[in-house]
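Heads up: the structure comes next, in structure tokens.
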Amino acid sequence: MNKFFIYTTFREDLESFLGYNIFMNNYYNDILKKCTVLVVDDEDKIRSKFKQALELYVENVIEASNGEDALDLFYKEKPQIVITDVKMPIMDGLMLTTIIRKANDKIPIVIVSAHSNKELLLNFISLNLVEYLIKPIDFEQLKEVLYKCSKIVDKNGLIEVKITDSCFYSYPNKSLLIENNTIQLSPKEIKLIELLIENRNKLVSKDLIEQTVYEFDQMSESALNNLVLKARKKIGNSRSIVSISGLGFMMPE
């Protein structure tokens with residue numbers, strides 16, 4: 001075979017491979033830019049440095065100094081990535097991670113610790129961590145871990161979730177995306193749609209909807225039905241939210 005042909009083919013394959021990698025790097029970088037990261041550490045200086053570093057890659061960084069405050073932020077802000085220290089007051093990183101993992105088995109979680117404690121590490125094994133990092137962490141380490149997280153975020157649909165063939169829900173923007181058009185949602189519509197997505201193919205009771213969507217407001221039957229009707233219209237599909245025998249609602253896949 002002609003040596004020039006072999007060299008040319010190899011070069012074309014290499015360029016194609018490199019081009020694909022550049023494309024994928026850009027793709028996952030774009031995903032990271034849309035992410036909200038929850039950083040949890042009781043040391044202010046460390047948390048501040050983490051935030052500064054993370055803001056080079058992600059859209060939004062929210063902070064907590066203990067597990068209890070972090071849990072409140074997790075439920076309220078719904079971040080796409082969680083990075084938490086282990087030893088903290090009120091609620092430690094192990095308890096925080098355990099509770100978050102029970103509520104959400106898809107979100108990437110990174111543990112940071114000042115110590116390489118094998119016994120402690122064993123406690124985290126069943127919690128499906130992205131990484132267990134030892135302080136101090138350099139920028140290359142952080143970048144590599146964020147890249148892993150972005151793949152998980154993409155794979156698990158934590159940025160955009162398909163509701164119907166033509167409608168997607170955007171977590172970062174809290175809006176619907178239909179054929180490149182952005183459909184704005186009311187605060188209650190956002191809470192309802194996110195609740196139904198989190199419980200896809202499952203019955204969501206009216207009691208849970210009242211507790212999650214209406215919080216301190218009293219929910220009437222007509223108000224709930226009107227809210228569901230408006231959400232369906234914005235999604236553009238009457239079967240996107242299904243009523244289950246007057247017990248509650250479900251969002252089918």
Side-chain angles (χ1 to χ4, degrees), residues 24-44 46-88 91-114 121 124-162 168-175 190 194 197-198:
M24 291 307 292
N25 284 336
N26 290 337
Y27 176 75
Y28 289 119
N29 283 337
D30 288 341
I31 287 173
L32 277 177
K33 287 176 185 176
K34 297 176 183 178
C35 287
T36 293
V37 178
L38 171 58
V39 176
V40 195
D41 199 302
D42 61 327
E43 295 186 45
D44 294 341
I46 291 176
R47 200 172 64 248
S48 178
K49 286 182 179 179
F50 243 126
K51 182 177 181 180
Q52 289 175 7
L54 287 166
E55 285 176 340
L56 297 173
Y57 305 102
V58 304
E59 176 72 23
N60 187 33
V61 181
I62 52 178
E63 307 172 66
S65 59
N66 63 73
E68 190 174 90
D69 289 346
L71 200 57
D72 289 340
L73 283 172
F74 172 77
Y75 287 123
K76 182 180 178 181
E77 301 294 335
K78 291 185 168 55
Q80 283 75 44
I81 301 169
V82 175
I83 301 175
T84 179
D85 191 17
V86 176
K87 292 187 177 181
M88 297 180 294
M91 182 190 291
D92 67 14
L94 178 58
M95 180 61 71
L96 171 65
T97 304
T98 302
I99 294 172
I100 288 177
R101 189 51 82 215
K102 285 181 180 178
N104 189 320
D105 62 354
K106 295 180 178 180
I107 187 170
I109 302 175
V110 178
I111 295 295
V112 179
S113 176
L121 180 57
F124 283 98
I125 285 177
S126 63
L127 298 174
N128 190 24
L129 301 179
V130 176
E131 201 70 66
Y132 187 103
L133 298 175
I134 307 301
K135 298 176 183 177
I137 300 163
D138 61 40
F139 285 109
E140 285 305 314
Q141 263 187 310
L142 181 61
K143 190 176 180 180
E144 185 179 333
V145 169
L146 287 175
Y147 186 69
K148 288 181 183 178
C149 290
S150 68
K151 288 184 175 181
I152 296 170
V153 166
D154 181 47
K155 179 183 177 182
N156 292 340
L158 301 179
I159 292 293
E160 292 175 4
V161 178
K162 182 179 178 181
F168 292 78
Y169 178 72
S170 169
Y171 273 100
N173 297 325
K174 305 293 183 186
S175 61
I190 290 169
E194 288 188 352
I197 287 173
E198 288 166 10

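Here the structure is a predicted model, which means the values were calculated and not measured. Note that these values count all heavy atoms, side chains included, but never hydrogens, waters or copies made by symmetry.
- At least one side-chain heavy atom of Tyr27 sits less than 4.5 Å from a side-chain heavy atom of Asp154.
- Residues Val86 and Asp92 come closest through the heavy atom pair O-CB, 3.2 Å.
- For the side-chain contact (heavy atoms from CB on, under 4.5 Å) with Val110, the qualifying choice from Thr97, Thr84, Leu133 is Leu133, the only one to do so.
- Of all heavy-atom pairs spanning Met88 and Asn66, the tightest one is SD-CA, 4.2 Å.
- Remark: Asn173 CG to Lys34 NZ distance equals 8.0 Å, nearest 0.5 Å.
- Interatomic distance, Thr98 OG1 to Leu94 CG, rounded to the nearest 0.5 Å: 4.5 Å.
- Contact of the Ile100 side chain with the Val82 side chain is registered, since non-hydrogen atoms from C-beta on lie closer than 4.5 Å.
- Contact detail for Val40 and Ala70: the closest heavy-atom pair is CG2-CB, 3.5 Å.
- Val58 is not listed as a side-chain neighbour of Gln80, based on a closest heavy-atom distance of 4.5 Å or more.
- By the 4.5 Å heavy-atom criterion applied to side chains, Glu194 and Tyr169 are counted as neighbours.
- Residues Ile31 and Ile159 are in side-chain contact: their nearest non-hydrogen atoms beyond the backbone lie under 4.5 Å apart.
- Note that the OG atom of Ser150 and the CG atom of Asp30 stand 10.0 Å from one another [nearest 0.5 Å].
- Of all heavy-atom pairs between Ala64 and Leu73, the closest is CB-CD1, 4.1 Å.
- Residues Pro108 and Val153 form a side-chain contact, since some pair of their non-hydrogen atoms from C-beta on lies under 4.5 Å apart.
- Using a 4.5 Å heavy-atom cutoff, the side chains of Lys78 and Ile190 are not in contact.
- For the atom pair CD1 (Ile81) and CG (Leu54), the distance works out to 8.5 Å, reported to the nearest 0.5 Å.
- Under a 3.5 Å cut-off, the side chain of Asn156 and the backbone N or O of Lys106 do form a donor-acceptor pair.
- Across all their heavy atoms, Phe139 and Ala53 have their closest contact at CE2-CB, 3.4 Å.
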Step by step, work out the salt bridge (Lys or Arg N to Asp or Glu O under 4.0 Å) result for Arg47 and Asp85.
CA-CA 10 Å; Arg47 200 172 64 248; Asp85 191 17; over 6 Å; no

Step by step, work out the side-chain contact (heavy atoms from CB on, under 4.5 Å) result for Phe50 and Val37.
CA-CA 11 Å; Phe50 243 126; Val37 178; over 6 Å; no

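- Atom CZ of Arg101 is separated from atom CG of Leu129 by 7.5 Å, given to the nearest 0.5 angstrom.
- Within 6.0 Å of the NZ atom in Lys49, the count of heavy atoms belonging to other residues, nucleotides or ligands does not exceed 12.
- Tyr171 has its side chain out of reach of Leu158: every pair of non-hydrogen atoms, C-beta onward, lies at least 4.5 Å apart.
- Taken from CD in Gln141 to CD1 in Ile134, the straight-line distance is 9.0 Å, to the nearest 0.5 Å.
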